[in-house]
Amino acid sequence: LCASSIICLVLLRLYTKSSYRLALYQVSSSLLFGAAVFGAFYSFPNSGSPPSTYCMVFAFVAQYTVWVQIVFTACLTSHLFCLSVFYKNLAKCEPTYVLFSLLVPLVLAIVPLTTKSYGPSDVWCWIQSLNYNGTMIPEPNVKGKVEQMALLYGPAFTILLACSGGVIVMGIILACRAFKNGAAPAVTNSGQQHHQQLLKQLLPLTVYPIIFFLFFLTPFANRLYMIREDNVPPESLTYAVVFFITSWSMAPGVGLLVHMAIIFFITRRRRGCGRKVRNYVSIDEEGIPTRGTSRTAVSVTSATHYVIPDET
């Protein structure tokens, strides 16, 4: 799904816009995280065997890529929030987003490597919460549990909760501007149509932080259970954790595909009912139409614009 969304984004040449490039980075990191989880699962050592080099490598890559995914999610959410609510274009901050999203996760992935905490964890390789010590009976690993909470679950829970709250606030503000004349100052008929267009375009991109947060809750509850009970969780909870963690890598691809399908549908519908006019209004670098008259419809994927007939 992530690979398909990347291919569609490239074919539609949406990567020329900064918001879509951030989405591209996010989906690419999700694709790498899915591959790392797959490798971490199949490199899990046999019972009582010491962790292999492959196990520790995939554990490091999984820790790094999941944080790249989380940080890019936060950057994309803040970027879209400033763009849609405050009309602040932060496209110039894209290099900062990229460097921040690549360097900060590297620090968080190196810490368990220096403390030699990578190894078998639950059903794959990650930061160990139990020490097997060459036996079938595991022993609690306090250091590993502290690192799991401090280096992933605690900060990630806070970040995803903040992103979900920001997305909800942004959706409410956009909906008010789109469907209530008095919700924003000096909102004309054309301005209201502009907000409706913006709402349709941005909602599929911004729904992912909420999905990510919901999928995050079950693994987070599982980790709290393991810390409290000092034991392996029930088999049913383990299967649920496997499903939700692997879903972390699929959800961004689905959200981006739905977003591009909506954009494509809106564009084709307007091309079918409109009369072609050139140089009527302009498109900014984010692909968002500038405010025109109430009879103006804009294609967000090309420089061609249409005037809707009165009867339409």
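- Side-chain heavy atoms closer than 4.5 Å link hydrophobic residues (I, L, V, M, F, W, Y) into clusters, and following such links, possibly through other members, connects V66 to L214.
- Q63 and L151 make their closest contact through NE2-O, 3.1 Å (heavy atoms, listed as atom of the first residue, atom of the second, distance).
- Hydrophobic cluster membership of V146, counting Ile, Leu, Val, Met, Phe, Trp and Tyr whose side-chain heavy atoms lie under 4.5 Å apart directly or via other members: V142.
- Once rounded to the nearest 0.5 Å, the distance linking CG of N222 with CD1 of I245 reads 7.5 Å.
- Side-chain contact, Q128 with S117: no donor N or O sits under 3.5 Å from an acceptor N or O.
- Hydrophobic clustering (ILVMFWY, side-chain heavy atoms < 4.5 Å, transitive): V107 and V104 are in distinct clusters.
- Judged as a side chain to side chain contact (heavy atoms under 4.5 Å, CB included), and not counting sequence neighbours, the contacts of A74 are I159, C163.
- Residue pairs meeting the side chain to side chain donor-acceptor pair (under 3.5 Å) criterion with at least one member in residues 148-175, sequence neighbours excluded: Q148-R223.
- In terms of modelled atom types and a separation under 3.5 Å, the side chain of W124 and the main chain of P120 share no donor-acceptor contact.
- With values rounded to the nearest 0.5 angstrom, L80 atom CG is found 5.5 Å from M170 atom CE.
- Hydrophobic clustering keeps Y239 apart from L224 (ILVMFWY residues linked when any side-chain heavy atoms are closer than 4.5 Å, directly or through intermediates).
- At distances below 3.5 Å, at least one donor-acceptor pair connects side-chain atoms of S121 with backbone N or O atoms of I127.
- Atom OH of Y54 is surrounded by 12 or fewer heavy atoms from other residues, nucleotides or ligands within 6.0 Å.
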Could you check F86 against F81 for ring-ring contact (aromatic ring centres under 6.0 Å, His included), going step by step and ending with a plain yes or no?
-> CA-CA 7 Å; F86 300 112; F81 188 90; 5.7 Å; yes

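- Closest of all the heavy-atom pairs between V71 and F100 is CG1-CD2, 3.6 Å.
- In this structure, the separation between CZ on F38 and OG on S43 is 10.5 Å, given to the nearest 0.5 Å.
- Under the disulfide (SG to SG under 2.5 Å) criterion, C2 pairs with no residue, sequence neighbours left out.
- The heavy-atom pair separating S5 from L257 by the smallest distance is CA-CD2, 3.5 Å.
- Across all non-hydrogen atoms, the minimal contact from L76 to Q26 is CD2-OE1, 3.8 Å.
- Two residues are said to be in side-chain contact when any heavy atoms from C-beta on lie closer than 4.5 Å; I110 and F60 meet this criterion.
- Residues V61 and L32 do not share a hydrophobic cluster, clusters being chains of Ile/Leu/Val/Met/Phe/Trp/Tyr side chains in contact below 4.5 Å.
- Using modelled atom types, one finds no donor on one side chain facing an acceptor on the other under 3.5 Å when comparing W248 with Q69.
- Legend: salt bridge (Lys or Arg N to Asp or Glu O under 4.0 Å) pairs involving residues 20-31, not counting sequence neighbours, sorted by first then second residue: R21-E94.
- One N or O on the side chain of Y64 and one on the backbone of L102 form a donor-acceptor pair closer than 3.5 Å.
- Taking every heavy atom of both residues into account, Y118 and M56 meet most closely at O-CG, 3.9 Å.
- Summarising the geometry of W67 relative to P155, their closest heavy-atom pair is CH2-CB, 3.6 Å, with the distance given to 0.1 Å.
- Remark: the backbone N or O of V98 is not paired with any side-chain donor or acceptor of S101 at under 3.5 angstrom.
- A distance of 8.5 Å separates CD1 of I6 from CG of L9, quoted to the nearest 0.5 Å.
- Atoms OG1 and CG, from T77 and L160 in turn, are 9.0 Å apart once rounded to the nearest 0.5 Å.
- Under the 4.5 Å side-chain heavy-atom criterion for ILVMFWY residues, a single connected hydrophobic cluster contains both I168 and F215.
- Pairs of residues two or more places apart, or lying in two chains, never qualify as disulfide (SG to SG under 2.5 Å) while including a residue from residues 69-122.
- Rounded to the nearest 0.5 Å, atoms CG (L152) and CZ (F157) are 12.5 Å apart.
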Show your reasoning for whether side-chain contact (heavy atoms from CB on, under 4.5 Å) applies to T218 and L237.
-> CA-CA 8 Å; T218 299; L237 185 57; 4.2 Å; yes

